[in-house]
Amino acid sequence: MPTPYSKQGSKRTSYSAGRKTNRSNNTQSRTGSTFSTFKSSPLAKPSFKGNKSNYTSNRRKVSSKRKSSSFERIDVSRFINKSTIIEKEEVYIPTHTFSDFGIDSNLKKNIASKGYIYPSPIQDKSIPHALEGRDVLGIANTGTGKTAAFLIPIINKVIKDSKETAIIIAPTRELALQIEKEFIEFTKGMKIWSVACVGGVPIFSQIKNLRRGCNIVIGTPGRLLDLVKRKEIDLSNTRSVVLDEADRMLDMGFVDDITFLLEKTSKDRQSFFFSATLPKPIENLIEKFANNPVRVVVKTRDTSKNVEQDVVRVARGIDKIDVLTELLTGIEFKKVLIFSEMKHAVEKLSVELIKRGFKAGSIHGDKRHNERQRTLKKFKENELNILVATDVAARGLDIPDVTHVINYEIPQTYDTYIHRIGRTGRASKKGTALTFVG
Ligand code: AMP
């Protein structure tokens, strides 16, 4: 059997003196009883009664901290938003069921055994076109069911012709592995093979698996590029291409790698591009590599509306970690995702929290791949209830029931902020996002 991929083939709360303060009474907190009354601080119930004029001073304080050109100056007031109503999920009436799709019966069985009954909007709107061979441009983010929207048509293609190959490019290892997991579930019992080509794990086992032959490679741009350059992956006959979270890959500086990979694929390829936003360089990629794609915009519920957002101001002289510790002792902080900017800061913070008796773990780029996976699993299964992460490590992850997102460091951009806080307040549940400022 040919082995397709083988070589041959608005308000503000200050948590300083045990009550909300404004700038003028911060002095008081500096001198005195900062922690003694902390428990009575309104951490769990920010009252959102700040006054607008305070924002200016907050903004100045925050923006002066960083001068990096990639750092967007975000008005602190944008980190504050009271969530009063939990938005009801808009009911989408699908126009198809999975059994309507002209796909293989075993694939239908595997879809059903995953518990999928009705297609999500993006699946409903794109799968019929994709099955006809059309290119797809999905303006959608994680949580919309976009993975199945591209996997189902691609798997069906491979079932019809075992020589078919596909490449799926994702920004992070975690997302790539999540896609592979879903792929394995959809192809159960079908003898269709995939290889995950991600960084952070030895390349040789991936090479070994590629040489055995597979139909689908799923990977991150850097590792895929490496394997193509080593001639372990030959894309010349690859007729299905997926760019998942294209805008994230752009942010991460992968645009040249992606362009290189796409150029190597077959000219009569079918392309699936997914992106939450459409910055110019992504539009250019689409223009260059997609052929009159069906454009599906999935207006996801703005999860941030379900997220109560507030800031945590740390008065001078108070240790930020102590404020965080105090927060985390609140019983409502059941499953907390904490973001920090640098890998070493993430590690340090998680170690410190463990020392202080919390069940914490960390994921960041300096951790070995297996360690990251283990930590994620523990967090998902509530063995850990605090996960400290960098933005890159947490991108695209689907972690249920996160009660709080804490921005221990202010994110670089507002877009990143929205991505971070979207990890909570999912599935119509209320979430809380707190951002440390000052
Ligand atoms: P995704 O946006 O692809 O990461 O999918 C988000 C979540 O929705 C994942 O947990 C999927 O397993 C789940 N999902 C995707 N499509 C469906 C469907 N049609 N019915 C039920 N769950 C789905």
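Note that the coordinates shown come from a computational prediction; the quantities given were computed from them, not determined experimentally. Counting starts at 1 for both ligands and their atoms, in listed order. Note: hydrogens, waters and symmetry copies are ignored here, and every other heavy atom, side chains too, is used.
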* Decide yes or no on side-chain contact (heavy atoms from CB on, under 4.5 Å) for Met190 and Ile159, but give the supporting numbers first. => CA-CA 8 Å; Met190 290 183 185; Ile159 294 172; 3.7 Å; yes
* Could you tell me whether some N/O pair between Phe98 and ligand 1 is separated by less than 3.5 angstrom? => no
* N/O separation below 3.5 Å, Thr144 to ligand 1 -> yes
* **Side chain, backbone, both or neither: Gln123 near ligand 1, heavy atoms under 4.0 Å** => side chain
* Thr238: which of Thr165, Asn215, Thr265 passes side-chain hydrogen bond (donor to acceptor under 3.5 Å, both in side chains) -> Thr165
* To do: State the atoms of ligand 1, each with its element, that fall below the 4.0 Å cut-off from a heavy-atom position in Thr147.
  => 1 (P), 3 (O), 4 (O)
* To do: Would you mind listing which atoms of ligand 1 come within a distance below 4.0 Å of any non-hydrogen atom of Ser120?
  => 19 (N)
* To do: Assign the ring pair His96 / Phe101 to parallel, tilted or perpendicular, where the plane angle (0 to 90°) is split at 30° and 60°.
  => tilted
* Asked: Any idea which of Phe150, Tyr118, Phe274, Tyr116 brings a heavy atom closest to atom 13 (C) of ligand 1?
  -> Tyr116
Expected list for residues 347-355: side-chain donor-acceptor pairs under 3.5 angstrom, two or more places apart:
residue, atom, partner, partner atom, Å
Glu347, OE1, Ser362, OG, 2.9
Glu347, OE1, His364, NE2, 2.7
Glu352, OE2, Arg356, NE, 2.8
Glu352, OE2, Arg356, NH2, 3.4

* **Listed partners of Asp268 passing side-chain contact (heavy atoms from CB on, under 4.5 Å), at least two apart** => Arg239, Ser266
